[in-house]
There are 2 protein chains.
Amino acid sequence: MSNCCDKREEIFRAALELIAEQGFHGAPMAMIAERAGVAAGTIYRYFENKDALIVDLFHEIDDKIGAVIMQDYQQAKPLRERFHHIFTTLARYFVKHPLHFRYIEQFHNSPYGVEFKRDILQRKTGDCHIYRDLLEEGVAQQVIKDLPMPILFALAFGPLKVVVRDHILGFVALEDELIDKLMAACWDGIRR
Amino acid sequence: MSNCCDKREEIFRAALELIAEQGFHGAPMAMIAERAGVAAGTIYRYFENKDALIVDLFHEIDDKIGAVIMQDYQQAKPLRERFHHIFTTLARYFVKHPLHFRYIEQFHNSPYGVEFKRDILQRKTGDCHIYRDLLEEGVAQQVIKDLPMPILFALAFGPLKVVVRDHILGFVALEDELIDKLMAACWDGIRR
DNA sequence: CGAGAGCGAATGATCGTTCACTCCGATTGT
DNA sequence: ACAATCGGAGTGAACGATCATTCGCTCTCG
């Protein structure tokens, strides 16, 4: 079987680059194959079809981000410090991996994304627990405004999404210092 | 020439519905034509091609929103009241016209959208003047945090975008009372 | 020599766009 | 007043391009 996982990685990388930069339209299987250095048919030895490739790649990225967040997350620290950690870690990850951010955006703004969001909010699965628990705890302690969870979520992380997008498109330079200021402003938005 | 503009309206309506609900993939010209009650070829009597149809429809919607915002906008009022007006008018418009919101989202998350955003930030054209002037005035008066414009923009309107999306997908019920609370929280985010 | 990884031309489906044609109200000629 | 003619809106079958997917073949190990 030689190095069977090498090609799978290459296909992932090629799909990530093309889809993140051009969207799903601009990423035909033939082009993904070419950039990965394999033949078109080879992709189907590793993935059932294009949909499976797209969904698998999303979960790969999503898991990696979850792992990075959890890596230095300390449940014992005060609320605001935990928020600081999550926010800045997320921001720095996206700045460091713009293709991951763009891919996630493409994914969420597509038929795949809607189905995925339904799963999250209904089955309450995945690593959104961390964010939600944090906010709920803040509400219980009367540190954070008493608003519905989706509203708090939007206030806490909505601006980050917009700003990272602007950063990648070159409209702002998202330095560490600016990330801190943005985080502080979002905290002002959700705190009582 | 009979009622020449009737068909154009029908094509707009059909394209809006299909693209807002299904995305650009799910809206082939043949289907738009069918829903508009015209033949496929007829669309090309009113629009040069699909791209032109999409861009024209976007500007139609964009202009309408701009008009609604400006309708009761009073330059003389205090900063915070003007922010209140813009924010709640926008929110209510999107709640009332979910298809318009979805279409704008689809548009912005596509090759069209990027080109469009470049135009806005470089040529400084269009009705974004209002938002920007408001924020800049606030910064000058030291009422609003001294942050780069894209950051302030994201803080002021980023959460709204996320919440409206959640509202349309049925994850929150965006009543007038909740809009006010959301607006207040966003104001907390940008004010000094 | 056999199994299976890898290949890539061929297939069938989809979609944007075209164009030769129809239809009908307006205009002109008688 | 009527017939002949015209112009252009509207049509939809057909075309060509694109794409995901397949499958019979080759080539390489073990």
(request) Please report, rounded to the nearest Å, how far the P atom of C:dT14 is from the CD1 atom of B:Ile32. (result) 17 Å
Quick test: give all pairs of protein nitrogen or oxygen and nucleotides 10-13 of chain C nitrogen or oxygen below 3.5 Å, distance rounded to 0.1 Å.
none

(request) Using ring-ring contact (aromatic ring centres under 6.0 Å, His included) as the criterion, point out the one residue from A:Phe87, A:Phe157, A:Phe83 that pairs with A:Trp187. (result) A:Phe83
(request) Using a cut-off of 6.0 Å, state whether more than 12 heavy atoms not belonging to A:Gln141 lie near its atom CD. (result) yes
(message) Closer than 3.5 angstrom, by distance alone: can the side chain of B:His167 be matched with the main-chain N or O of B:Leu174 as a donor-acceptor pair?
(response) yes
(message) Is the shortest side-chain heavy-atom distance between A:Lys145 and A:Val139 below 4.5 Å?
(response) no
(request) For the residue pair B:Tyr73 and B:His85, confirm or rule out a side-chain donor-acceptor distance under 3.5 Å. (result) no
(request) Could you check how far CZ of B:Arg45 sits from C1' of D:dG7, rounded to whole Å? (result) 10 Å
(message) Distance check needed: C:dT17 C1' versus B:Ile43 CD1, whole Å only.
(response) 11 Å
(message) Side chains of B:Leu147 and A:Lys181, heavy atoms from C-beta outward: is any pair under 4.5 Å?
(response) yes
(request) Figure out the CZ/P separation between B:Arg8 and D:dG10, and round it to whole Å. (result) 13 Å
(request) Mind calculating the distance between CG (B:Leu53) and C1' (C:dC15) to the nearest angstrom? (result) 15 Å
(request) Provide, to the nearest angstrom, the distance between the CD1 atom belonging to B:Ile11 and the C1' atom belonging to D:dG10. (result) 11 Å
(message) Just the rounded figure in Å: distance from C1' of D:dT11 to NZ of B:Lys7.
(response) 10 Å
Return the polar atom pairs (N/O with N/O) between nucleotides 19-23 of chain D and the protein under 3.5 Å, or none.
from	atom 1	to	atom 2	distance (Å)
D:dA20	OP1	A:Lys50	NZ	2.4
D:dA20	OP2	A:Met29	N	2.5
D:dT21	OP2	A:Tyr44	OH	2.8
D:dT21	OP2	A:Lys50	N	2.9
D:dT21	O5'	A:Tyr44	OH	3.4

(request) Check whether B:Val162 and A:Leu134 end up in the same hydrophobic cluster, where Ile, Leu, Val, Met, Phe, Trp and Tyr are linked by side-chain heavy atoms less than 4.5 Å apart. (result) no
(request) Using whole Å, report how far CG of A:Leu18 lies from C1' of D:dT18. (result) 16 Å
(message) Checking the side chain of A:Arg82 only, and the main-chain atoms of A:Lys77 only, is there a donor and an acceptor separated by less than 3.5 Å?
(response) yes
(message) So, taking the atom named CD in B:Glu10 and the one named CD1 in B:Ile32, what distance separates them when rounded to the nearest 0.5 Å?
(response) 13.0 Å
(request) State whether B:Tyr46 places a side-chain N or O below 4.0 Å from either non-bridging phosphate oxygen (OP1 or OP2) of D:dA9. (result) no
